[in-house]
Amino acid sequence: MISLSLNGSWKMRKLANQEWIRAEVPGSVLNDLLVAGIIEDPFYRDNYFDLSANETKVLEIKKEDIYQDLSLEDLKEQLRVRSLWESYR
């Protein structure tokens, strides 16, 4: 079995927005928006209450290099669907 780490650099954006911003896993959407300068510090004064739900919604997140170290054969093996019957043989 091949193990893939999901930690590291990701990209996220709102679906209507074409610009990707950097995201870190593990992490939080609020922290990534803060680092990108999109929102002000939510833990300063009343900034948390000023956030609109629309600012913090992320509809798309991706990690482009997740399969870069896998060969095509390894990837096929991971994606092959096994039936319950095959697992008991």
Flag yes if [X] and [Y] sit in one hydrophobic cluster, no otherwise; membership is Ile, Leu, Val, Met, Phe, Trp, Tyr, and two members link when side-chain heavy atoms are under 4.5 Å apart.
X: Y48; Y: V29; value: yes
X: M12; Y: V35; value: no
X: L33; Y: I61; value: yes
X: F43; Y: I38; value: no

Between [X] and [Y], is any pair of side-chain heavy atoms under 4.5 Å apart?
X: D32; Y: W10; answer: no
X: K11; Y: I21; answer: no
X: Q18; Y: R13; answer: yes

message: D50 vs I39, test: side chain to side chain contact (heavy atoms under 4.5 Å, CB included). Steps then yes/no.
response: CA-CA 10 Å; D50 293 337; I39 63 170; over 6 Å; no

query: Does any pair with a residue in residues 34-46 pass salt bridge (charged side-chain N to carboxylate O under 4.0 Å, His left out), and if so which ones, sequence neighbours excluded?
result: none

message: For L51 versus P42, what's the shortest heavy-atom pair and its separation?
response: CD1-CB, 4.2 Å

query: What's the spacing between Y44 OH and L34 CG if we round to 0.5 Å?
result: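 Atom-to-atom, Y44:OH and L34:CG are 13.5 Å apart.
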
Electrostatic pair R22:E24 at N-O distance under 4.0 angstrom: yes

